[in-house]
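Read the structure below first, then the notes.
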Amino acid sequence: MTDIALAIVVLAAGKGTRMRSDLPKVMHQLAGRPMITHLLDTAAELSPERVVVVVGPDMDMVADTVAPHRTCVQAERNGTGGAVKAARDALDGFDGTVLVLYGDTPLVTADTMRRAAAACSEGAAVSVLGFRPSHFHQYGRLITNEDGGLEAIIEAKDASPEALEVNLCNSGVMAFDGRHLMGLLDRLDTNNAKNEYYLTETVTLARADGHMAAVVEGEEDELLGVNSRADLAIAEAVVQDTLRARAMAGGATLVDPGTVWFHHDTQLGRDVVVQPNVVFGPGVRVADGVNIRAFSHLEGADVEDGAVVGPYARLRPGAKIGAGARVGNFVEIKNADLGEGAKANHLSYVGDAHVGAGANIGAGTITCNYD
Ligand code: UD1
Ligand code: CA
């Protein structure tokens, strides 16, 4: 890459109507983490000089979630172009590359972001990350010329049947030469099917000024946009596959990877074996050589070397399972530690307890601290 300064603007003010939710769209979770957090964590890998998140007027929840990043409020939801305009103050005096990310396109990798930004530092006024979706979709179409340069982006709702045939689509990731961005935004109008300021119209305007516009292509898996619950499930599947691959690369055996569900922060050691249908909630750390048997559910738990958990075990926050300890079927453990080599093999609830090393909790035992 070059050493041109980078600013990142993340658009998150949309209502997300198609989610049919009380939550702002970007707060919906992937591997237990809001989409917006997922995206901002990736964006941080580019070490941008400035980051600003554009939110709606009633989105304190999003502002709190992205803190300490700066937020700007888009007073009226008048389109993606309007949203970038709302970031004007935050970009004041900045003339490097401005990378715009959509909060509902959370899976873009840092490398792909870098490629989109690099096209701008190599002379394009605008560069757009394109991809070729495999299924029916409503993405904007990228209209290119014979040289492969970009001429226009046509929104699906505004497209002629001929333009709809184009399979190269807009992922929403766009990079701008900061010296031209505000001038382009000032000339957007709302003469289109949605009566909104489309950020995508900047391409036509830049071309009319004789500037270069570029397309950088990426993979569908990382560029899919989340507009509905069905899209969210597709994105979750992509994230889970990445986490499963990471666990296996780290030395864990997943007997049936597709049935194991991770939280983004799950830590598994080497030679851990995870049998089918295991779910990891937040805050689980599993040390080396642990065997997690089928149908177990773990959250907020620490499992030491060589322990055996399950089948059908439930570890809740504060569960600490000592080295070589065993937690068997239909045993629930909360805020309790099981010493080294201790056993709770059948049908027990162990809450708020210290269980010494080597102890054996008999079937049907309950320990708890009501209140
Ligand atoms: C947009 C693109 C489309 C592209 C697709 C990729 C435009 C005009 N269209 O369409 O070309 O193929 O993304 O997924 O840009 N937002 C605001 N304020 C607004 C409106 C939207 O902040 O007033 C934010 C949303 O929160 C969202 C993003 O911008 O994160 C995209 O908005 P959305 O309405 O989902 O655009 P699409 O119709 O998906
Ligand atoms: Ca979208």
Side-chain angles (χ1 to χ4, degrees), residues 1-9 11 46 48-50 78-102 112-132 139-160 162-218 223:
M1 220 346 260
T2 66
D3 25 32
I4 292 185
L6 181 70
I8 295 184
V9 180
L11 306 193
L46 277 68
E49 219 166 73
R50 304 186 192 186
N78 52 9
T80 48
V84 181
K85 284 192 202 192
R88 188 186 295 265
D89 285 350
L91 294 173
D92 192 38
F94 185 83
D95 59 6
T97 300
V98 179
L99 181 67
V100 177
L101 303 171
Y102 288 176
T112 304
M113 289 181 190
R114 276 190 201 100
R115 286 198 293 127
C120 253
S121 36
E122 285 156 13
V126 188
S127 76
V128 176
L129 196 54
F131 70 118
R132 299 176 188 273
Y139 296 108
R141 299 325 202 249
L142 301 185
I143 310 301
T144 50
N145 56 35
E146 311 84 68
D147 307 326
L150 185 62
E151 292 295 335
I153 304 178
I154 304 185
E155 289 306 299
K157 282 198 172 148
D158 299 285
S160 63
E162 191 192 8
L164 281 176
E165 293 292 310
V166 174
N167 186 35
L168 183 58
C169 289
N170 175 24
S171 69
V173 177
M174 295 177 75
F176 296 87
D177 180 330
R179 293 168 300 183
H180 302 306
L181 176 59
M182 287 303 159
L184 293 170
L185 293 177
D186 284 337
R187 284 149 61 201
L188 296 179
D189 64 41
T190 57
N191 296 329
N192 52 53
K194 283 176 143 180
N195 296 313
E196 287 182 352
Y197 294 104
Y198 291 166
L199 182 62
T200 47
E201 199 201 335
T202 52
V203 173
T204 322
L205 298 170
R207 290 297 296 136
D209 291 347
H211 292 304
M212 213 165 83
V215 183
V216 173
E217 277 199 51
L223 296 177

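Along the sequence shown, residues carry numbers from 1.
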Quick one: are [X] and [Y] in side-chain contact, heavy atoms under 4.5 Å?
X	Y	result
V173	T112	no
H180	V126	no
R132	L168	yes
L188	L205	yes
V215	T144	yes
L99	M113	yes
E155	I153	yes

Which distance, rounded to the nearest 0.5 Å, do you find between the [atom1] of [X] and the [atom2] of [Y]?
X	Y	atom1	atom2	result
K194	K157	NZ	NZ	5.0 Å
K85	L181	NZ	CG	11.0 Å
L6	R50	CG	CZ	11.5 Å
Y198	D158	OH	CG	4.0 Å
D95	M182	CG	CE	12.5 Å
I154	R141	CD1	CZ	10.0 Å

Test side chain to side chain contact (heavy atoms under 4.5 Å, CB included) applied to T190 and N78, step by step
CA-CA 9 Å; T190 57; N78 52 9; over 6 Å; no

Could you tell me which non-hydrogen atom of [X] sits nearest to which non-hydrogen atom of [Y], and how far apart they are?
X	Y	result
A119	A214	CB-CB, 4.3 Å
S127	A116	OG-O, 2.6 Å
R114	L46	CG-CG, 3.9 Å
G218	L129	N-CD1, 4.4 Å
S121	I4	CB-CD1, 3.2 Å

Among all residues two or more places apart in sequence or in another chain, which pass the ring-ring contact (aromatic ring centres under 6.0 Å, His included) test with Y139?
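For Y139, the residues satisfying ring-ring contact (aromatic ring centres under 6.0 Å, His included) (neighbours in sequence not counted) are F131, H137.
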
Could you list the residues that satisfy ring-ring contact (aromatic ring centres under 6.0 Å, His included) with F176, not counting sequence neighbours?
none

For T204, what residues pass the side-chain hydrogen bond (donor to acceptor under 3.5 Å, both in side chains) criterion, not counting sequence neighbours?
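Listed in chain order: nothing, the list is empty.
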
Sequence neighbours left out, what passes salt bridge (charged side-chain N to carboxylate O under 4.0 Å, His left out) with E151? Give chain and number order.
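Only R207 meet the salt bridge (charged side-chain N to carboxylate O under 4.0 Å, His left out) criterion with E151.
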
Any pair with a residue in residues 176-189 that passes salt bridge (charged side-chain N to carboxylate O under 4.0 Å, His left out), sequence neighbours left out, goes on the list, sorted by first then second residue, please.
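Found R88-D186, D177-R179, R187-D209.
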
Applying side chain to side chain contact (heavy atoms under 4.5 Å, CB included), name anything that partners T80, two or more places apart in sequence or on another chain.
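So T80 forms a side chain to side chain contact (heavy atoms under 4.5 Å, CB included) with L11, Y102, L199.
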
Would you confirm whether T202, through its side chain, and L184, through its main-chain N or O, come within 3.5 Å as a donor-acceptor pair?
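Between the backbone of L184 and the side chain of T202 there is no qualifying donor-acceptor contact (under 3.5 Å).
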
